[in-house]
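As the structure is a computational prediction, the values presented were derived from the model and not from experiment.
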Amino acid sequence: MKKIVTMLLIGLLCFNGILEVSAKDDEMSRDKVMEVHRVSYTTYDANGNITERGDLPIDEHEINTRDYWGTRIIECGGYMILHSQDTGFPYFLVAGAQVNMQFGLNRNAMIASGIKKSSGEYLASVRGLTGGRSHSAVVQQTGDYYGYIRNDDSSAITVNYVSFSTNY
């Protein structure tokens with residue numbers, strides 16, 4: 001009888017340990033889940049004049065789901081500001097949140113891109129030759145942030161898709 005009781009207690013302790021580990025794994029995976037946000041854009045020419053506004057596909061597969069996404073062209077010296085499609089404003093990000101911006105271009109080009117706080121500080125920024133890029137950072141200060149792509153190449157580029165993800 002003692003053996004049966006002992007075995008039941010050991011079984012319960014093991015089961016409890018499995019539940020506890022499983023709950024912690026669940027909690028950790030929830031922390032890592034990134035929510036993908038729809039992106040709208042405003043394109044400016046080299047003089048700062050607005051040339052186009054629209055919405056962007058979230059990945060390469062989504063490009064063919066709609067007849068017209070806008071031209072998504074950035075002329076030489078121009079730039080594109082990326083903001084929330086839901087609100088039309090920059091993304092409000094909380095300190096400690098993980099943020100990720102990914103995009104693809106129609107060709108390799110010399111560009112500058114990144115994530116910038118509305119007050120001017122750069123959260124992530126890179127300049128160089130690329131056909132697409134991914135920026136990831138942890139938000140240090142709560143505030144409004146937006147993505148940007150600046151065309152430093154000698155001819156126009158097309159932004160194929162952009163995704164903006166957060167884990168808050």
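Atoms CD1 and CE, on Ile157 and Met110 in that order, are 11.5 Å from each other to the nearest 0.5 Å. Note that CZ of Arg127 is 4.5 Å distant from CG of Asp152, once rounded to the nearest 0.5 Å. From Ile149, atom CD1 reaches atom CG of Leu105 across 6.0 Å, with rounding to the nearest 0.5 Å. Note that the SG atom of Cys76 and the CG atom of Asp45 stand 11.5 Å from one another [nearest 0.5 Å]. Between the OH atom of Tyr146 and the CE atom of Met80 there is a distance of 14.0 Å, given to the nearest 0.5 Å. The line from OH of Tyr145 to CD of Glu121 is 7.0 Å long, rounded to the nearest 0.5 Å.
With contacts defined as side-chain heavy-atom distances shorter than 4.5 Å, the pair Arg72/Asn160 qualifies. Side-chain contact check for Tyr91 versus Val39: some heavy-atom pair is nearer than 4.5 Å.
Closest non-hydrogen pair, Leu82 versus Met101, comes out as CD1-SD, 3.7 Å. Nearest heavy atoms, Ser163 versus Val36: CB-CG1, 4.2 Å. Listed here is the closest heavy atom pair of Ile73 and Thr43: O-CG2, 3.3 Å. For Ser40 against Gln85, the heavy-atom pair with the smallest separation is OG-CA, 3.2 Å.
Aromatic ring pairs are classed by plane angle as parallel below 30°, tilted from 30° to 60° and perpendicular above 60°; the pair Tyr79 and Tyr44 is parallel.
For the pair Asn167 (side chain) and Gln98 (backbone), a donor-acceptor distance under 3.5 Å is present.
Under a cut-off of 6.0 angstrom, the local environment of CZ in Arg38 is crowded, with over 12 non-hydrogen atoms contributed by other residues, nucleotides or ligands.
One side chain, Ser113 or His135, offers a donor N or O that lies under 3.5 Å from an acceptor on the other.
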